[in-house]
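Please read through the structure below; I'll follow up with questions.
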2 protein chains.
Amino acid sequence: MERPRIRDYFQQDLSQNETITPKQRAILQASLDLFAEKGFDQTSTSDIAQRAGVAEGTVYQRYKTKVALRDAILAPITAHIVPILASDFSEDKLRQRYPSLQAFVTAIFTDRVAFAKANVKELKVIFEMAAFDTERREQILSQIAPKMVKQMGSVINQLKADHLIVDWPNDLILQSLLSQLFGYLAQLMLELPGTEIEREQAYLITVMTKILTPGEHDQITGQ
Amino acid sequence: MERPRIRDYFQQDLSQNETITPKQRAILQASLDLFAEKGFDQTSTSDIAQRAGVAEGTVYQRYKTKVALRDAILAPITAHIVPILASDFSEDKLRQRYPSLQAFVTAIFTDRVAFAKANVKELKVIFEMAAFDTERREQILSQIAPKMVKQMGSVINQLKADHLIVDWPNDLILQSLLSQLFGYLAQLMLELPGTEIEREQAYLITVMTKILTPGEHDQITGQ
DNA sequence: CATTAAAATGAGTTATCACTCACTTATTTT
DNA sequence: AAAATAAGTGAGTGATAACTCATTTTAATG
């Protein structure tokens, strides 16, 4: 497996800009943990204060509202998820011709899977928000989707020209890949049992490759 | 595509047992709609009463608590989802030998996809609950997972004996299929754009079949 | 060390929400 | 149609949770 080249900002995320006091940092960490454990609405600000070991007033020192606190946690993720999901591979990864599907899938998804693994908690909070906040969901999607469709599309078209990939509409190809990624994510987020994460990750690449390999079973069986 | 043979109880779900007054029915419907739209915690009992066109006290007439109300909605689903997901195909569908993968996948998943489509709202509420209520999630899973693994496992083993299916561990096979189903569900629940539901459904079967077809790319690429 | 600014505190305020109950209206039963 | 039972009502209650602010503690600065 290729070495994962996750950018540093995933780790130092929470505190990247400005000075931040240890207590503020504790508040962010406690919030993230609790939001991921119990959900946003089921987490009270007094819960947060208690877990962080501070007074409740301290929570409101920097973040005016509970929602602002959640946004402060999600901001770095949503700010960086766009490059990771869409633009990131625009330069080097896009220009090159892939010799095989396996190479393509590996190049495109290794980073993303690593990203997901490193940010399970944040993703869970994002999903909870996106599930019911239609506006926000659409706003985030409108940032990501077009870029992704366009950029992946051009790579896929190249592969099609070389007859290296199945001859489906590009959106179907994307969907099948994202479904697979999504299922993997669900496994991580829900802590479903029977999961050896390392093996799963390699397997994900294999399955994706298999889906895309051209073959005789490729016609869509509609009615 | 095979005709969908969805059982009746999906349609008459909410009112299946006992006499239920029109107002009670309106309350259940309003609750379901609101829970799916805004989420459980963001829906107040006065919201429900208003949407249903009844007094707030009426909500508490039959259901002692808000949680009990949610359970009353989910009960028929969770009661029937077990047969649908696991036992349903135990008799006829299990015994027969499948001539092709396509036949197997179609037989197994057509019902389930139809079920999902007919119960998007309910599934959304279930997922919200399962996301953060660890106990309940595990309880539901413990009912479904073992049956499913066992019964699907035996069919898969048969197919393996006939060399009709990829030679992967059964849990990996199941995961890849469920991921695909899960991705489709996410599409329905989140109302993601660019979706022609009918086409997607046919495509789902095709992709699943493709994943399972034996071939040369089948070795898991681990490190 | 003294002064000033920033950070932290926690008791208090306000609003909302789940839930109750004494009472009214509708529906059966005799 | 009188009596009895069930269904429905909505003002009221207690608890909880988000948020405020006057005050204290800590850190920075001259």
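All chains are named by letter (A, B, ...) in the order of the sequence lines, taking the proteins before the strands, and each is independently numbered beginning at 1.
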Under 4.0 Å protein heavy-atom contact, by nucleotide of nucleotides 6-12 of chain D - B base, S sugar-phosphate only: -BBBB--
K150(B): side-chain hydrogen bond (donor to acceptor under 3.5 Å, both in side chains) partners, not counting sequence neighbours: none
Partners meeting side-chain contact (heavy atoms from CB on, under 4.5 Å) with V120(A) (sequence neighbours left out): L188(A), M189(A)
Whole-Å distance separating the CG atom of L69(B) from the C1' atom of dC19(C): 13 Å
Partner set under side-chain hydrogen bond (donor to acceptor under 3.5 Å, both in side chains) for E37(B), not counting sequence neighbours: R51(B)
Whole-Å distance separating the OH atom of Y63(B) from the C1' atom of dT20(C): 19 Å
Any residue meeting side-chain hydrogen bond (donor to acceptor under 3.5 Å, both in side chains) with D47(A), in chain and number order, not counting sequence neighbours: K38(A), S44(A)
Integer-rounded Å distance: dA6(C) C1' and I20(A) CD1: 15 Å
Among dC19(C), dC19(D), dC17(C), the nucleotide that comes nearest once only the side chain of K66(B) is considered: dC19(C)
Nearest-angstrom distance from the residue atom CD of Q50(A) to P of dT16(D): 14 Å
Whole-Å gap separating P (dC21(C)) and OH (Y60(B)): 14 Å
Gap between atoms CG and C1', on D47(A) and dA18(D) respectively (whole Å): 12 Å
T45(A) side chain near dA17(D) phosphate (N/O to OP1/OP2, under 4.0 Å): no
With T45(B) via side-chain hydrogen bond (donor to acceptor under 3.5 Å, both in side chains) - residues at least two apart: E56(B)
Separation of atom CG in L34(B) from atom P in dA18(C), rounded to whole Å: 12 Å
Whole-Å gap separating C1' (dT16(C)) and NZ (K38(B)): 13 Å
Distance-minimising heavy-atom pair for L123(A) and L185(A): CD1-CD2, 3.8 Å
